[in-house]
Protein chains: 4
Amino acid sequence: MDFFRPPTSIYLQIADLVCERILLRAWKEGDRIPSVRDLAVELQVNPNTVMRAYAELQEKGIISNQRGVGYFVGPESRAKALAIKREEFFRAELPRMFKTLELLEVEWSELTRLRKAPETAAE
Amino acid sequence: MDFFRPPTSIYLQIADLVCERILLRAWKEGDRIPSVRDLAVELQVNPNTVMRAYAELQEKGIISNQRGVGYFVGPESRAKALAIKREEFFRAELPRMFKTLELLEVEWSELTRLRKAPETAAE
Amino acid sequence: MDFFRPPTSIYLQIADLVCERILLRAWKEGDRIPSVRDLAVELQVNPNTVMRAYAELQEKGIISNQRGVGYFVGPESRAKALAIKREEFFRAELPRMFKTLELLEVEWSELTRLRKAPETAAE
Amino acid sequence: MDFFRPPTSIYLQIADLVCERILLRAWKEGDRIPSVRDLAVELQVNPNTVMRAYAELQEKGIISNQRGVGYFVGPESRAKALAIKREEFFRAELPRMFKTLELLEVEWSELTRLRKAPETAAE
DNA sequence: GTGGTCTAGACCACC
DNA sequence: GTGGTCTAGACCACA
C-alpha cells in the first residue's frame, strides 16, 4: 500500500541490515563485523557502497573502527541502534500505518486481537 | 533485504493510486476516471503502463470499461477495493509490522496510546 | 615545524575552503555556492570529491541544499562554522603551537609585541 | 589552499625530526646520531632520503660528518638549530597563525589565559 | 590483509 | 541544469 514511495538507497539498506543484525543480537557488542570487501562480495555490491553504509553507522556511534583491523560493534551499540530506529519508526512509519488503517477502515480491536494470534508460541 | 529490487512495478503502483482515490471517495461510484492517455501524461509514464493498471483493476471488478467512452467507477467498487486491499494488508503488511514492533521492542500499549493522539510524538 | 603530520584529505581541504569563504563573508547567508560540478572543474578535482565535502558541511548544518537547484549558505551558517572551527583550533592547533613555542624557546612577550607590529593598518 | 601538495618533502621532514631531537636535548652536543642506514630502516624510507636530510643539516652546520665514523651533533648545534627554526617560525608559521586568529575571532587575551593553563579547554 | 581516499564515468530523479 | 547514487578500479597508510 505504498504509493510511489521511492526505494531507499542501497547503502542505507545495508546500514539497516547491519542494524537489524545488531538488534537481533546476531552481532554482539565487541564483535568484529565483516570487512568492507567481504560484505561487498557477499551482497554483490561495490565496496564503496558498503564503505558508505559503515561510515553512516560509525557517525551515529553504532559501529567503530580500528585502522587496518576492521569495524567493530561498539559498547552500547544495540541501545543506540534501538533508539535511532525507534525514533525513525515513530516519526515516519507509524503515521503512514495509521493512515493506511484509516483508509482501509481497520478497527484497532482487530489488530489487538490478531496481535497474539498468529504466533502464540513465539519467544 | 535484497538489493536492486524496484519496490513494486509501476503499473501496480498506479493501480494502487486509483484504489486510494476510490477509497478516499475522491472518485465516487459512477464517476468517469481519467482517460488512459490523460493519466499517462499526468504521471509521466507510458500509456501502456496505465492501460495495464486499468486492465488489472477491471479484472478485479473495481473499475469497468465502456468502449469508446472511458473507464468508470462501478457499483460496489469501493467495497471491492476495500476487501482486496484489506486482504493484502492483513496478509503482507501487518506481519511485517509485528516483526518490526518486536525488533524495536515497542509495547502495544504505546501504540494504543499514540493511536488517538498522533502528532504528539513520544520518545 | 610539523613532524610527519599527515596531509589532510582533499575533500576536507575543500570543506575548509568553503568554511573560510563563509567566515570571510565572501559567501553570505542565503547565497548559492558553486555547483558540485563547477567547483570540481575550478579545483581540478573529481565531482565526487566536492560532493563529499558538501555532504560533510551539510551534515554540520553549515550549508543546505535544494534538489535540482544547488547548495546554499544557510541561516546562522557563519556562526556555526565559527563555533566548529574554533573548537578545532583550541583542541588541536593551539596545543601544537604551544609545544612549538616551548621547543623554540619563544617568549610570550615576543608574540604579544609582534601581534600588533606587522600589520598595524589592518582592518 | 592548493591540492595534491605533499605537506613537505620527506627529506625535509626527516631533517626537522633530527632538529627536534636536538632541541629537546635528546641528542646532545658531541653525540653520534643514528647512521643513515639505521635511521632509514627505522623510518621505513630509502637511505638516500635520509642521506639528503643529513646533507641539508650538515650544510646548515647543525650536524657534522666524520668519514667512516658517522654523523655527530656539533658544538653550538642546538643554538644553530634554534636560530634557524625560530626564523622559519617567525617568517612562515606565525603570520599564518595570526591570520587564523583573526578569521576565528579569537581574542589575544583568551590565548594568554590558556597559555599557562592548558588542558583546561575552554569554549 | 584492513580501511580510506580519489578518479572516471555512468545513470537516475528533480526542476 | 542540479544533486544523488553506484560502479570499477586505482593507490595509499597502517598493521
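Protein chains get the first letters and strands the later ones, always in sequence-line order, with residue 1 at the start of each.
Taking the side chain as every heavy atom from C-beta outward, Tyr11(A) and Val50(A) never approach each other to under 4.5 Å. Looking at Ile62(D) and Cys19(D), their side chains come closer than 4.5 Å, going by heavy atoms from C-beta outward.
Between Glu76(C) and Lys80(C), no side-chain nitrogen of the basic residue sits less than 4.0 Å from a carboxylate oxygen of the acidic one, so the salt-bridge criterion is not met. For Arg96(D) and Glu93(C), the salt-bridge test passes: some basic side-chain N is under 4.0 Å from an acidic carboxylate O. Under the 4.0 Å criterion applied to side-chain N and carboxylate O atoms, Glu88(B) and Arg91(B) are not assigned as salt-bridge partners. A salt bridge links Arg78(C) to Glu105(D): at least one charged side-chain nitrogen sits closer than 4.0 Å to a carboxylate oxygen. One finds no salt bridge joining Glu102(A) and Lys99(A) here, because no Lys/Arg side-chain nitrogen approaches an Asp/Glu carboxylate oxygen to under 4.0 Å. We find that Arg37(C) and Glu42(C) are not joined by a salt bridge, their nearest charged nitrogen and carboxylate oxygen being 4.0 Å or further apart.
Side-chain atoms of Arg52(B) never come within 3.5 Å of backbone atoms of Leu12(B) as a donor-acceptor pair (strictly under, hydrogens ignored). Put simply, the side chain of Arg86(C) gets close to the backbone of Leu104(D): a donor and an acceptor are under 3.5 Å apart.
As rounded to whole Å, 16 Å separates atom C1' of dC6(F) from atom CD of Glu56(A). At whole-Å resolution of the value, CZ in Phe72(A) and C1' in dA15(F) are 12 Å apart. Atom CE in Met51(A) sits about 13 Å away from atom C1' in dC12(F), given to the nearest Å. A straight line from CD1 of Ile14(A) to C1' of dC6(F) spans 10 Å, rounded to a whole angstrom. Counting to the nearest Å, the C1' atom of dG1(E) and the CG atom of Asp38(A) are 10 Å from each other. Taking atom CG of residue Leu12(A) and atom C1' of nucleotide dC6(F), one finds them 13 Å apart after rounding to whole Å. Atom CG of Leu43(C) is separated from atom C1' of dC6(E) by 14 Å (rounded to the nearest Å). Here dT7(E) presents its C1' atom at 13 Å from CD of Gln44(C), a figure rounded to the nearest Å.
Picking from dG3(E), dG3(F), dT2(E) the nucleotide with the shortest atom distance to the side chain of Val36(C) gives dG3(F). The side chain of Arg52(A) sits closest to dT5(F) out of dG4(F), dT5(F), dG3(E).
If you check dC14(F) for Watson-Crick or wobble pairing at under 3.5 angstrom, you find it paired to dG1(E).
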All N/O contacts under 3.5 Å from nucleotides 8-12 of chain E to the protein, with atom names and distances to one decimal?
unit_1, atom_1, unit_2, atom_2, d
dA8(E), N7, Asn46(C), ND2, 2.7
dA8(E), N6, Asn48(C), ND2, 2.6
dG9(E), O6, Asn48(C), ND2, 3.0

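The shortest distance between the side-chain N/O atoms of Ser9(C) and the OP1/OP2 oxygens of dG4(E) is not below 4.0 Å.
No contact: Tyr54(C) has no heavy atom under 4.0 Å from any strand. Tyr11(C) comes within 4.0 angstrom of sugar-phosphate atoms only, judged by non-hydrogen atoms across all strands, and of no base.
The nearest heavy atom of DNA chain E to Val69(A) and to Val69(C) marks one nucleotide each, and the one closer to the 5' end goes with Val69(A).
Taking a 4.0 Å limit (strictly below) on heavy-atom distances, residues 26-35 of chain C reaches DNA chain F at Arg32(C), Ser35(C).
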